[in-house]
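What follows is a set of notes on a single structure, which appears directly below.
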Amino acid sequence: MGVQISPSILAADYADLAGEVARIAPAADWVHVDVMDGHFVPNLTIGLPVVERLATVSALPLDCHLMVADADRWAPRYAEAGAGSVTFHVEAAGAPVRLARELRALGCRAGMALKPATPVDPYAELLDELDMLLLMTVEPGFGGQRFLDLVLPKVRRARELVKDRDLDLWLQVDGGVSAETIERCADAGADVFVAGSAVYGAHDVEAAVRGLRAQATAVTEHAWWSPHH
Ligand code: DX5
Ligand code: ZN
């Protein structure tokens, strides 16, 4: 699939979501929607009614990142609301395989997220149930945090698993991804990049997206895990 950029509207103007998505639409692949419930994470954002409306006005498919408790109950509702991809946290899911299958059955891409301290190896056997694995590079809950380099070995490990098993699984990183950190992520094996403040904090959001894509693409071509390598 190649490099994909998913700007996070957590750093955008919530009073004008349609306009904020339109600004990135010419350059981005997805719009990343952070759903927080004030329980799984100590912050509260938006929920189903807003996602449902956003799906109808957005030119980009919605990449919903659910930071909510009881993911088994809520994630399918976001698929029904029109998201193109729904990512639940494994720490919040009772039956991740069943949930991933349910999302796929609803015609949605199934993503699973791991907090920085959650290891990937215990989940090696269920990766082929997923379309995307999200490796958080900050503690979920807030935008604008510092990138955690300590997650990079896990990104490498996940890429090894994908390569060894010849899986069609996207590897997403989220948190502190910027011009300064995106190359390290791409080199480790990530191919889908979420960026909030690095995009919406820029004067020219479209140029910011194109810049991040160019950096990641250049590194990917020469990365250890690249098929062209
Ligand atoms: C954090 C969210 C991220 C956040 C990223 O819990 O999941 O998507 O918006 O924001 P930046 O890019 O500013 O770290
Ligand atoms: Zn996110």
Side-chain angles (χ1 to χ4, degrees), residues 3-14 17 20-21 23-24 27-47 50-51 54 58 60-69 71 74-75 78 83-93 109-118 131-152 154-155 170-186 190-203 205 208-209 211-213 215-216:
V3 166
Q4 298 183 77
I5 309 289
S6 185
S8 167
I9 49 163
L10 185 60
D13 177 2
Y14 271 121
L17 285 180
E20 293 287 69
V21 173
R23 287 169 75 200
I24 56 160
D29 300 284
W30 297 83
V31 55
H32 185 83
V33 179
D34 287 304
V35 175
M36 307 188 188
D37 68 351
H39 293 278
F40 180 71
V41 289
N43 195 6
L44 188 65
T45 54
I46 58 169
V50 177
V51 168
L54 195 57
S58 174
L60 295 172
L62 307 190
D63 165 30
C64 284
H65 175 197
L66 306 185
M67 286 159 278
V68 302
W74 292 108
Y78 286 84
S85 174
V86 169
T87 299
F88 60 86
H89 268 268
V90 70
E91 301 90 351
R109 293 183 62 87
M112 190 174 84
L114 273 50
K115 298 208 278 184
T118 304
D131 298 300
M132 185 165 79
L133 182 70
L134 164 52
L135 302 172
M136 289 301 298
T137 42
V138 299
E139 284 302 333
F142 300 92
Q145 301 182 76
R146 228 186 111 139
F147 180 83
L148 295 174
D149 275 281
L150 63 83
V151 179
L152 289 173
K154 182 164 63 177
V155 178
W170 298 352
L171 291 183
Q172 185 178 64
V173 284
D174 179 14
V177 175
S178 68
E180 198 216 315
T181 58
I182 195 167
E183 293 177 352
R184 307 211 278 284
C185 298
D191 56 2
V192 187
F193 304 86
V194 176
S197 35
V199 169
Y200 281 105
H203 287 295
V205 295
V209 172
L212 290 170
R213 187 192 302 282
Q215 279 184 286

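Numbering of ligands and ligand atoms starts at 1, following listing order.
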- Message: Can you list everything that forms a side chain to side chain donor-acceptor pair (under 3.5 Å) with Arg109? Sequence neighbours excluded, please.
- Response: none
- Message: Tell me whether Gln145 contacts the main-chain N or O of Phe142 through its side chain, where contact means a donor paired with an acceptor under 3.5 Å.
- Response: yes
- Query: Under 2.8 Å from the Zn ion (ligand 2), which protein N/O/S atoms are there?
  - Reply: His32 NE2, Asp34 OD1, His65 ND1, Asp174 OD2
- Closest non-hydrogen atoms of Asp174 and His32, given as atom of the first, atom of the second and distance, are OD2-NE2, 3.2 Å
- Task: Please round to the nearest 0.5 Å and tell me the distance separating atom CD1 of Ile5 and atom CG of Asp63.
- Result: 12.0 Å
- Closest non-hydrogen atom pair, Ser6 against Trp30: OG-CB, 3.4 Å
- Query: What are the two closest non-hydrogen atoms of His203 and Arg23, and how far apart are they?
  - Reply: O-NH2, 4.3 Å
- Can you pull the residues with any heavy atom under 4.0 Å from ligand 1? Ser8, Leu10, His32, Asp34, Met36, His65, Met67, Met136, Pro140, Gly141, Phe142, Gly143, Gly144, Asp174, Gly175, Gly176, Val194, Ala195, Gly196, Ser197
- Is there a donor-acceptor pair closer than 3.5 Å between any side-chain N or O of Asp149 and the backbone N or O of Leu152? no
- Item | Test side chain to side chain donor-acceptor pair (under 3.5 Å) applied to Asp13 - qualifying residues, sequence neighbours left out | none
- Checking Tyr200 side chain against Glu20 main chain: does a donor-acceptor pair fall under 3.5 Å? yes
